[in-house]
Amino acid sequence: MTDYTPIAEIPTILEDLRKTFRKGITKPLAWRRRQLLQLARFAQDNAEALAECLRLDLGRPKQEAMFAEIAPVIERCIICAEKLEEWCKPEEVPVAADWQQSWKPRVERHPKGVALLIAPWNYPIILSLQPLYGAISGGCCAVIKPSEIAPHYASFLAETLPKYLDQSAFRVVLGAVPEITKLLELKWDHIFYTGNGRVARIISSAAAKHLTPLTLELGGKSPVIVDATADVSIAAKRILWGKTNNAGQICVAPDYILAHSSIIPALENALKEHYKAFYPDGALASESYSRVVSDQHFARLKGVLGRTDGKIVMGGQWEEGGKRGFEPTVVTGVKANDALLEEEIFGPILPIVSVESIDEAIDHINAGDHPLILYAFSNNEENKKKIVANTTSGGVAFNDTFQQLAVNELPFGGVGESGYGRQVLKYSFQLFVYERGIIDVPYQAEPFMNIRYPPYTEQTYEVMSAGVHVKIPDDIPSS
């Protein structure tokens, strides 16, 4: 394992990156494209090694590592390189006032500066490299701080990424609480954090001291509504697949189900049927199933399952002795205020809450914090419209789980407790630039400008205050 970054070196790393940025090295589009393609090569050349890091850190099956983390990084880096010129092109702004036409009003997108990217352990590759391709696209320098809880990936990143990217512009800092504390003492031009709300509050407080803009990619309890019109078997299959990805250790995992009471027996049976199909010899004996990342998280999951008043109808077993295998577990009869509904589960436990209507499900969701994603299985279009119109969430996915992440053209992010800011491709680029409004007023316009200069007169007042007396319409017709 690579040693942690010496704390005394961290301010020097930031200052070196600032020098690079001030020299303008990161601004040319050709340089950015080169770095983006190099980042794609890093992921492609080292795909096997990266997958092995996830196996060692998370017990992650190779297939999950490839399709959920490595392949998207390669694809999106290439798309960013292809689209970069389009995204960065100055935007001429049409103006309504004739007297402003000659000013050449436009919007340009300029890099913010030096960014700090703080990544979590659960999907460590894409959740560190996706903000990085955004920073590169935006023309920023960056420090990447991977999670110490995924040490094999963190070490590999620190050792290998400098072979691909310009080290004068991009650095990896390794460490735990002392190192991140030192990083947060410093002034950055943008901070991107993926993780939980508790740590997000600490980071937000530190950023506030410097008025540093933030992107917070958090999580929360993402619900799944299953109404009486849903295809129960397909719903169960897709929910179980979403829940068992990385053993439920992902911010968009289905956290709990709100199912119409009439379909709960069928849903329970379908979950058992598909579990058997996914893992014929049980999940704990399967190489297609991840493990819990640490002893701390393992103990937490055992503890919360032990406190539920619901009934375990599937799973409920785990492996001791450091193996940290935890079966996909379905719990029915879960009521409000149950231990399983207190906080984000972030593991393979799936509570089912009985409801009698879509309205009851919506009320339950609205009583809690806004989720990162809201899932709903329904064949009723009115129910779908009602869910979208009467809830607040970062996103909505009907009739599947997880797959919203596969749509490159959609923004991804939370609202309220589930975070703020959007990412993926152009949305990631936009995080690391600021829009700069620019005008160029010609000297030839000076005769028109004379009216604004003192001394003020009744004539100048009449002209300059005319906007106050404009007629306000009673209504604006819809277009």
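Bear in mind that the values here come from a model prediction, so they are computed numbers and not experimental data.
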Under a 4.0 Å N-O cut-off, is there an ion pair linking Arg436 with Glu108? no

Is NZ or CZ of Lys27 both nearer than 6.0 Å to the six-membered ring centre of Phe21 and within 45° of the ring axis? yes

Where at least one partner belongs to residues 236-247, residue pairs that pass salt bridge (Lys or Arg N to Asp or Glu O under 4.0 Å), sequence neighbours excluded: none

My understanding is that only residues two or more places apart in sequence, or in another chain, count here; which of them pass ring-ring contact (aromatic ring centres under 6.0 Å, His included) with Phe429? Trp87

Would the distance check show the side chain of Lys112 and the main-chain N or O of Leu431 forming a donor-acceptor pair, the cut-off being under 3.5 Å? yes

Atom pair CD1 (Ile345) and OG (Ser222), whose distance is rounded to the nearest 0.5 Å: 11.0 Å

Please determine whether ring-ring contact (aromatic ring centres under 6.0 Å, His included) holds for the pair His364 and Tyr256, giving the CA-CA distance in whole Å, both sets of side-chain angles, and the decisive distance to 0.1 Å. CA-CA 11 Å; His364 181 101; Tyr256 64 99; 5.4 Å; yes

Glu343 bridged to Arg300 by N-O distance under 4.0 Å: no

Salt bridge or not for Glu69 and Arg60, using N-O below 4.0 Å? yes

Any side-chain heavy atom of Arg422 within less than 4.5 Å of one from Phe412? no

Is there a side chain to side chain contact (heavy atoms under 4.5 Å, CB included) between Ser294 and Trp121 once you walk through the steps? CA-CA 10 Å; Ser294 68; Trp121 53 264; over 6 Å; no

Could you tell me which residues satisfy salt bridge (Lys or Arg N to Asp or Glu O under 4.0 Å) with Glu319, sequence neighbours excluded, listed by chain and number? Arg291

Does the distance from a Lys or Arg side-chain N to an Asp or Glu carboxylate O, for Arg18 and Asp189, drop under 4.0 Å? yes

Return yes if some donor-acceptor pair links the side-chain N/O of Asp338 with the main-chain N/O of Thr308 below 3.5 Å, else return no. no

Is the distance between the ring centroids of His370 and Tyr420 less than 6.0 Å? no

Go through Asp369 and Lys221 one step at a time and tell me if the salt bridge (Lys or Arg N to Asp or Glu O under 4.0 Å) criterion holds. CA-CA 8 Å; Asp369 295 326; Lys221 297 188 74 63; over 6 Å; no

For the residue pair Trp241 and Phe67, categorise the inter-ring angle as parallel (less than 30°), tilted (30 to 60°) or perpendicular (more than 60°). parallel

Do the side chains of Trp318 and Arg324 get nearer than 4.5 Å, heavy atoms only? no

Cys80 side chain reached by Ser137 side chain, heavy atoms, under 4.5 Å: yes

What's the verdict on side chain to side chain donor-acceptor pair (under 3.5 Å) for Glu159 and Thr2, showing C-alpha distance, side-chain angles and the deciding distance? CA-CA 8 Å; Glu159 293 169 1; Thr2 305; 2.5 Å; yes

Assess the residue pair Arg109 and Glu91 against the criterion (salt bridge (Lys or Arg N to Asp or Glu O under 4.0 Å)); give the C-alpha distance rounded to whole Å, side-chain angles, the decisive distance to 0.1 Å, and a yes or no. CA-CA 9 Å; Arg109 292 164 181 85; Glu91 178 186 341; 2.8 Å; yes

Tell me, with the steps shown, if Arg32 and Gln35 meet side chain to side chain donor-acceptor pair (under 3.5 Å). CA-CA 5 Å; Arg32 300 187 210 181; Gln35 298 301 307; over 6 Å; no

Check Lys182 with Glu185, please: is the shortest side-chain N to carboxylate O separation under 4.0 Å? yes

So, taking the atom named CD1 in Ile373 and the one named CG in Leu405, what distance separates them when rounded to the nearest 0.5 Å? 8.0 Å

Go through the steps to decide whether Leu14 and Val143 satisfy the test side chain to side chain contact (heavy atoms under 4.5 Å, CB included), and finish with yes or no. CA-CA 8 Å; Leu14 173 57; Val143 162; 6.0 Å; no

Where do Pro124 and Ser128 come nearest, in terms of heavy atoms and distance? O-OG, 2.7 Å

State whether Arg307 and Glu342 are salt-bridged, where the test is any N-O pair (Lys NZ or Arg NE/NH1/NH2 against Asp/Glu carboxylate O) under 4.0 Å. yes

Centroid-centroid distance, Tyr289 to Tyr279, less than 6.0 Å: yes

If we count only N and O atoms by modelled type, under 3.5 Å, do the side chains of Thr215 and His190 hold a donor and an acceptor together? yes

Check whether NZ of the Lys or CZ of the Arg Lys384 lies under 6.0 Å from the centre of the six-membered ring of Phe398 and within 45 degrees of that ring's axis. yes

Under the side chain to side chain donor-acceptor pair (under 3.5 Å) rule, what do Asp166 and Ser168 come out as? Steps first, then yes or no, please. CA-CA 5 Å; Asp166 186 339; Ser168 74; 2.7 Å; yes

So, Glu217 side chain and Thr194 main chain: donor-acceptor pair closer than 3.5 Å or not? no

Separation between CG of Leu29 and CZ of Arg33, rounded to the nearest 0.5 Å: 5.5 Å

By salt bridge (Lys or Arg N to Asp or Glu O under 4.0 Å), which residues pair with Asp227, not counting sequence neighbours? none

Do you know which of Val330, Val334, Val313, Val226 makes side-chain contact (heavy atoms from CB on, under 4.5 Å) with Ile352? Val330

Using the ring-ring contact (aromatic ring centres under 6.0 Å, His included) criterion, which residues pair with Tyr133? Sequence neighbours excluded. none

Find out whether Val293 and Gln249 are in side-chain contact, i.e. whether some heavy atom of one side chain is under 4.5 Å from a heavy atom of the other. yes

Taking the side chain as C-beta and beyond, is there a heavy-atom pair between Leu174 and Pro146 under 4.5 Å? yes

Rounded distance (nearest 0.5 Å) linking atom NZ of Lys145 with atom CG of Leu116: 9.5 Å

Could you walk me through whether Glu64 and Ser290 pass side chain to side chain contact (heavy atoms under 4.5 Å, CB included), step by step? CA-CA 9 Å; Glu64 289 186 16; Ser290 295; 3.8 Å; yes

Are Tyr193 and Trp188 close enough that their ring centres sit under 6.0 Å apart? no

Is the shortest heavy-atom distance from the side chain of Thr329 to the side chain of Leu350 under 4.5 Å? no

Go through the steps for Asn408 and Glu75 under the test side chain to side chain donor-acceptor pair (under 3.5 Å), then give the verdict. CA-CA 10 Å; Asn408 285 335; Glu75 177 190 30; 3.3 Å; yes

Expected output: side-chain Glu360 to main-chain Val355 donor-acceptor under 3.5 Å: no

Between atom CG of Leu218 and atom CG of Leu372, what is the distance when rounded to the nearest 0.5 Å? 8.5 Å

Applying ring-ring contact (aromatic ring centres under 6.0 Å, His included), name anything that partners Tyr123, two or more places apart in sequence or on another chain. none

Tell me, yes or no, whether the heavy-atom count around Gln403 atom CD, taken from other residues, nucleotides or ligands under 6.0 Å, exceeds 12. yes

To the nearest 0.5 angstrom, please state how far the CD1 atom of Ile225 sits from the OH atom of Tyr375. 13.0 Å

Give the intermediate values and the outcome of salt bridge (Lys or Arg N to Asp or Glu O under 4.0 Å) for residues Glu15 and Arg22. CA-CA 10 Å; Glu15 186 53 38; Arg22 290 176 187 138; 3.4 Å; yes

